[in-house]
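The structure under discussion appears below in the form of structure tokens.
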Amino acid sequence: MKNIRNFCIIAHIDHGKSTLADRLLEFTHTLDGKKLQNQLLDDMDLERERGITIKSHAIQMIYEYEGEKYTLNLIDTPGHVDFSYEVSRSIAACEGALLVVDAAQGIQAQTISNLYMAIEQDLEIIPVLNKVDLDSAMPDEVEDQIVDLLGIPRKDIIRASGKTGIGIPEILKAIVERVPAPGGDPDAPLQALIFDSVFNSFRGIIAYYKILNGSIAKGEQVKFVATEKEYEADEVGILRLDMIPKERVECGDVGYIISGIKTATEVKVGDTITHVKRPCDKAIDGFEEVKPMVFAGVYPIESEDFENLRSSLEKLQLNDASLTFQPESSVALGFGFRCGFLGLLHMEIVQERLEREFNMDVITTVPNVSYRVYDKKGSMKEVHNPAGLPDATLIERIEEPFIRASVITSTTYLGPIMTLCLGKRGVLVTQNYISGDRVEIIFDLPLGEIVIDFYDKLKSVSKGYASFDYHLHDFRPSKLVKLDILLNAEPVDALSTLTHFDNAQSFGRRMCEKLKELIPRQQFDIAIQAAIGAKIIARETIKAVRKDVTAKCYGGDISRKRKLLEKQKEGKKRMKQIGNVEIPQKAFLAVLKLD
Ligand code: GTP
């Protein structure tokens, strides 16, 4: 145990975490040169394309230092706020963290929020100033920021480059010298913290854990405390490049267990594994059920694909326990599912996987959050779909989730960012100067406003120079009303949204204008109306057009005609017939594109 070191890497997106991890693996000969695929830790295609570590993994390196062999377990953490609970459990499995900061970018919001988690868990922090090879690096300035933030001596910061390999030996040395060996009692009842799980189509669900007390051997009967399920440990082992089976995984080490578990929902990140015969007294602290925060309707374009969509979602859920779905029907869209996601990125990933891996053509409705609706008798119902809101006369109050958000930026953009947050019904909590002209502002904001278009707006008002991070804070009563959209006097339930009463008027007007842009002209006039209850608050009309798209070709050029027809066909694919009006997918997301 004294020669084990468990550590993770904390970094903002793109600050070079994966590249640095590769170098550590290379330097410790965990992989020889030819095996080194770029960025080994991100092994899903989608992940590589997005450059974001979606699912955490672990990898063991053996490092020889001053004549002794050390086992270094690197536990990878996902780099996005949607997955912050997983990050917190990965951090809880470690005794140390490399705090990687890009020498050209400086400290960003994600760095700080993950750092706070690591400090809370008493991790030894090793600051690494990365990408010092860049011409645009500002090592002294960024070191100032790190010194201010951590209150540590400047000499403790390691200057490194994942690209050129500068600083890699120093980092490994620091891990051995500064990170404490794991504690724990090898003879105590087993207590292992699950920090991740993966799905394998042959072996079922593989759970990754760190052993806090005791040890785990092949063939033993184990129990997962939160789910209260019991299994036989068919295989246990450690994680190098592949899984390496062992008879026993010892106290302090990181390993995996295969025990015939079929679905991801049985393995909960943060749960405790113990023995059936000699169980531990209590579960490891910090377990939480992750709950989806963002919901959207997912509907097949062709109604006969409903069952296909169900089986695709079921398959996705096998390896993604945080995805939830329930059948729902919409007058406009027919039968589909209301899906729950951890956040916007998670939603996009699921959408993309449905398309790529399952070949599903789907219409996704505007995302919304979970509302707590109290009726006049005082009972509460969670509503995940604006269309499912009870009649306004029965509602006593509606509460919506608020997040506490941190934005880090240069003072140049402070004004516009404040204006943006206040315009999104934000409440300023505090403002901290980090160093020089960098400032962190903390706002409480309704999550419902964030899921609409906050990221894009923040990016544009700050010209990309602001980083953003948040966590769920509380639920607060808000004056929310349901805004309906009518097309030729027919309400389209899939376009209903909940919006704040004070903004409803302008919101309704902008929705109508946007839909007018997005819905193609058809052979008859289309009236678009926005309504709150029976009251129409805005209206636009799309004028009729002749349908013959080739008319404007003056009869001449055949290939051009064909092209136009092809184009029209393409355009059709993503259309949904509602009453007699054809609506393109984009229109269902109109609310995301309001100016
Ligand atoms: P996420 O997985 O998205 O969190 O990103 P990451 O932090 O793992 O960053 P990644 O290692 O993917 O690197 C991001 C970009 O920076 C890539 O284009 C790398 O090639 C580049 N990069 C990483 N390390 C260095 C470095 O030391 N020097 C220079 N010049 N570029 C680097």
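Note that the numbering runs from 1 along the sequence shown for the chain. Owing to the predicted nature of the structure, the values given are computational and were not obtained by experimental measurement. Counting convention: from 1, in listed order, for ligands and their atoms alike.
Atom numbering of ligand 1 starts at 1 in the shown order; those under 4.0 Å from a heavy atom of H15 are 7 (O). Close contacts between ligand 1 and L134 involve ligand atoms 30 (N) [criterion: under 4.0 Å to a heavy atom]. Every atom of ligand 1 with a heavy atom of S161 under 4.0 Å away is listed here by number and element: 26 (C), 27 (O), 28 (N). Taking every heavy atom of N130 and a limit of under 4.0 angstrom, the matching atoms of ligand 1 come to 24 (N), 27 (O). Atoms of ligand 1 lying under 4.0 Å from any heavy atom of S18, numbered from 1 in the order shown and given with element: 2 (O), 6 (P), 8 (O), 11 (O). Less than 4.0 angstrom separates some heavy atom of I13 from each of these atoms of ligand 1: 3 (O), 4 (O). Distances below 4.0 Å separate heavy atoms of K163 from the following atoms of ligand 1: 26 (C), 27 (O), 28 (N), 29 (C), 30 (N), 31 (N).
Checked for salt-bridge contact, R159 and E170 miss the test: no charged N lies under 4.0 Å from a carboxylate O.
In this structure, of T19, D14, V100, the residue bringing a heavy atom nearest to atom 24 (N) of ligand 1 is T19.
Side-chain N or O atoms of R5 include one that pairs as donor or acceptor with a backbone N or O of V179 at under 3.5 Å.
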Original post:
Should Y70 and M61 be marked as a side-chain contact (heavy atoms from CB on, under 4.5 Å) after you check the CA-CA gap, both sets of side-chain angles, and the distance that decides it?
Top reply: CA-CA 8 Å; Y70 290 85; M61 298 167 245; over 6 Å; no
**OP:** Under the side-chain contact (heavy atoms from CB on, under 4.5 Å) rule, what do R240 and I62 come out as? Steps first, then yes or no, please.
**Re:** CA-CA 10 Å; R240 289 263 167 82; I62 303 296; 3.6 Å; yes
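For K131, heavy-atom contacts with ligand 1 shorter than 4.0 Å involve the backbone as well as the side chain. At a heavy-atom cutoff of 4.0 Å, ligand 1 is contacted by the side chain of D133 but not by its backbone.
Some N or O of G162 is nearer than 3.5 Å to an N or O of ligand 1, by distance alone. Between L20 and ligand 1, no pair of N/O atoms sits closer than 3.5 Å.
Relative orientation of the F27 and Y63 rings is tilted, given thresholds of 30° and 60° on the angle between their planes.
If you check the side chains of N368 and R338, you find a donor sitting under 3.5 Å from an acceptor.
Here salt bridge (Lys or Arg N to Asp or Glu O under 4.0 Å) pairs that include residues 108-127, with residues two or more places apart or in two chains, number zero.
Residues forming a salt bridge (charged side-chain N to carboxylate O under 4.0 Å, His left out) with R154 (at least two apart in sequence, or on another chain): E143, D144.
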